[in-house]
Amino acid sequence: MAVLYTMERNGVLLDQKLLAELSAEFGAKMIDIEKRAHEQAGQPFNLSSPKQIQEVLFEKQGLKPVKKTPTGAPSTDEESLAELALDHPLPQLILDYRGLAKLKSTYTDKLPGMVNRNTGRVHTSYGQATAVTGRLASSDPNLQNIPIRTAEGRRIREAFIAPPGSHIVSADYSQIELRIMAHISRDESLLRAFAAGEDIHRATAAEIFGVDVRAVDNEQRRYAKVINFGLIYGMSAFGLARQLNLERAAAQQYMDRYFQRYPGVAEYMRVTREQAHQQGYVETVFGRRLWLPEIRSSNGNRRQGAERAAINAPMQGTAADLIKMATIQVQKWLTEQNMKSLLIMQVHDELVLEVPDAELAVVKTELTRLMTGVAELAVPLLVEVGVGPNWDKAH
DNA sequence: AGGTTAAGCGCG
DNA sequence: AAAGCGCGCTTAACCT
């Protein structure tokens, strides 16, 4: 994939002033939180140290551990601290500190140092034979995990900018893995929902809760979304219960209801497990294989882990196949048409370009055409294109 | 000094 | 007994 070298060489421009401001702001907040945490604890301690957090919370403050880490130590992860925060002010302070520390150390402090002296840009490396599912992997720096899920984190995305006279254009596949599940399973309800252009989580909620699509409330849609994503990952009723804070029996009812309404998906799960077990591998729609050496392990946990990977791989892997083909097509078109637009990043289901203003209209049109037309599946491929002065506004 | 592992968390 | 897939990066803790 020569296009990967093109993307690496093109690189992305950063607003270094903004990153410096964010670093200063995050740093000041961290110092303030640290002070308050030390007051609450009645002693100074390192808020980055799981061991010291354990000592303060579970020994000194006497809070009860929520769960344990694989090595048996009481866990201080986000889920645990969020629960402990209901009874004590300290865990929330630690969580706030951690969030800021992550953003500062990984992004706002680090990225400016990665700017190339000659080009003034950041150049990632794409690993083409790293992820077992066929995805690319981005490293040094990783540009595939730039924050977006929180308002605080999104401000970092604003630092990914286009030069004067250009804009950032982002084009991403909408619900690509669920569409692939529809294609592979040929489940009637799923095919119909996508063909009709329905909001898939809303449609799923209507099926599971037995109400009209228009009557689905936000809570029901949120449940359906968790179930839809969970299915792609091979989640169990136990996992669903934990995710939605439900009784296990209730979670099991939702799953039963789902598979009753989408029998094609249930069949896909069954057939995929069976094929993986018999052949020792699973395949994407385009035939790339993922070998599963642990699918016949006598260790039940390892075997079940391999089964979940088997269920996920055809969807994640086919999505990877599709965007790889699309990436090649897009670069081919840019080259043939002598466009000045640059492909600068790939983030699993998204392509990011730096586009001179004069080319905006045609690039938007052609990106959509090339990405939606890259393959003919049993459901339409939908691409959402955004334009902005930076990556955040383009998304 | 330099490498590895554990814990944790950013993204799709 | 575990329980949700795929990655890469940072800090702490521990090792040689």
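The chains referred to below are lettered A, B, ... by the order of the sequence lines, with proteins before strands, and numbering in each begins at 1. Bear in mind the structure is a predicted one, so any value in this text is a computation, not a measurement. What you see below is based on every heavy atom in this structure, not just the backbone, and it leaves out hydrogens, waters and symmetry mates.
- Between the side chain of Q52(A) and the backbone N or O of N46(A) there is at least one donor-acceptor pair closer than 3.5 Å.
- The nearest whole Å value for the distance from the CD1 atom in I146(A) to the P atom in dC11(B) is 9 Å.
- Spacing of C1' atoms, dA1(C) relative to dG8(B), comes out at 23 Å, to the nearest Å.
- Considering only side-chain N and O atoms, N46(A) lies under 4.0 angstrom from the phosphate OP1 or OP2 of dA12(C).
- Not a single donor-acceptor contact under 3.5 angstrom links the side-chain atoms of N142(A) to the base of dG8(C).
- At dA13(C), one or more side-chain N or O atoms of S49(A) fall inside 4.0 Å of OP1 or OP2 (strictly under the cut-off).
- When the C1' atom of dC9(B) is taken as reference, atom OH of Y97(A) falls 15 Å away, rounded to whole Å.
- Spacing between atom CD of Q52(A) and atom C1' of dA12(C) amounts to 9 Å, rounded to whole angstrom units.
- Taking atom CD1 of residue I53(A) and atom P of nucleotide dG8(B), one finds them 8 Å apart after rounding to whole Å.
- Straight-line distance from the CZ atom of F229(A) to the P atom of dC11(B): 13 Å, rounded to whole Å.
- Across dA6(B) and dA2(C), the matching P atoms stand 16 Å from one another, rounded to whole Å.
- No hydrogens or angles considered: a donor-acceptor pair under 3.5 Å links the side chains of R98(A) and T76(A).
- Rounded to an integer number of Å, the gap from CG of L100(A) to P of dT10(C) is 17 Å.
- Residue K102(A) places no side-chain N or O under 4.0 Å from the OP1 or OP2 atom of dG8(B).
- Side chain of R135(A) to backbone of Q316(A): no donor-acceptor contact under 3.5 angstrom is found.
- Across all strands shown, the partner of dG10(B) is dC7(C), judged by Watson-Crick or G-U wobble contacts whose two distances both fall under 3.5 Å.
- Note on K51(A): every side-chain N or O is 4.0 Å or more away from OP1 and OP2 of dA7(B).
- Of the nucleotides present, dA13(C) is the one that pairs with dT4(B) by Watson-Crick or G-U wobble criteria, both distances under 3.5 Å.
- One finds the NZ atom of K364(A) at 10.5 Å from the NE2 atom of H167(A) (value rounded to the nearest 0.5 Å).
- In this structure, the ring of F259(A) has its center no less than 6.0 angstrom from the ring center of Y254(A).
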Kindly indicate, with the supporting measurements, whether the criterion side-chain hydrogen bond (donor to acceptor under 3.5 Å, both in side chains) is fulfilled by D256(A) and Q260(A). CA-CA 6 Å; D256(A) 290 347; Q260(A) 186 187 326; over 6 Å; no

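- Residues from residues 54-92 of chain A that place a heavy atom under 4.0 Å from any atom of DNA chain C: there are none.
- Within residues 253-288 of chain A, no residue approaches DNA chain C, by heavy-atom distance under 4.0 Å.
- Judged by distance alone, with hydrogens and angles left aside, the side-chain atoms of S166(A) form no donor-acceptor pair with the main-chain N or O of A162(A) at under 3.5 Å.
- In N245(A), the CG atom is not crowded: 12 or fewer heavy atoms of neighbouring residues, nucleotides or ligands sit closer than 6.0 Å.
- The two atoms that bring Q54(A) and P74(A) nearest to each other are NE2-O, 3.3 Å, heavy atoms only.
- Taking side-chain N and O atoms only, R242(A) has no distance below 4.0 Å to OP1 or OP2 of dA3(C).
- Contact annotation: R98(A) side-chain N/O to dC9(B) OP1/OP2 distance is under 4.0 Å.
- Distance CD1 (I156(A)) to P (dT10(C)): 13 Å, rounded to an integer number of Å.
- Judged by distance alone, the side chains of Q43(A) and H38(A) never bring a donor and an acceptor atom under 3.5 Å apart.
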Step-by-step ring-ring contact (aromatic ring centres under 6.0 Å, His included) determination, F26(A) to Y107(A): CA-CA 11 Å; F26(A) 294 162; Y107(A) 306 104; 9.9 Å; no

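- For R248(A), taking side-chain heavy atoms from C-beta onward, the closest of the listed nucleotides dG6(C), dC9(C), dA3(C) is dA3(C).
- The backbone N or O of I232(A) sits less than 3.5 Å from a side-chain atom of N312(A), completing a donor-acceptor pair.
- A donor-acceptor contact shorter than 3.5 Å is absent between the side chain of E207(A) and the backbone of T204(A).
- Heavy-atom distances under 4.0 Å link DNA chain C to N301(A), R308(A), A309(A), N312(A), Q316(A) of residues 290-323 of chain A, given in residue order.
- Between the P atom of dG12(B) and the CZ atom of R179(A) lies a distance of 17 Å, rounded to the nearest Å.
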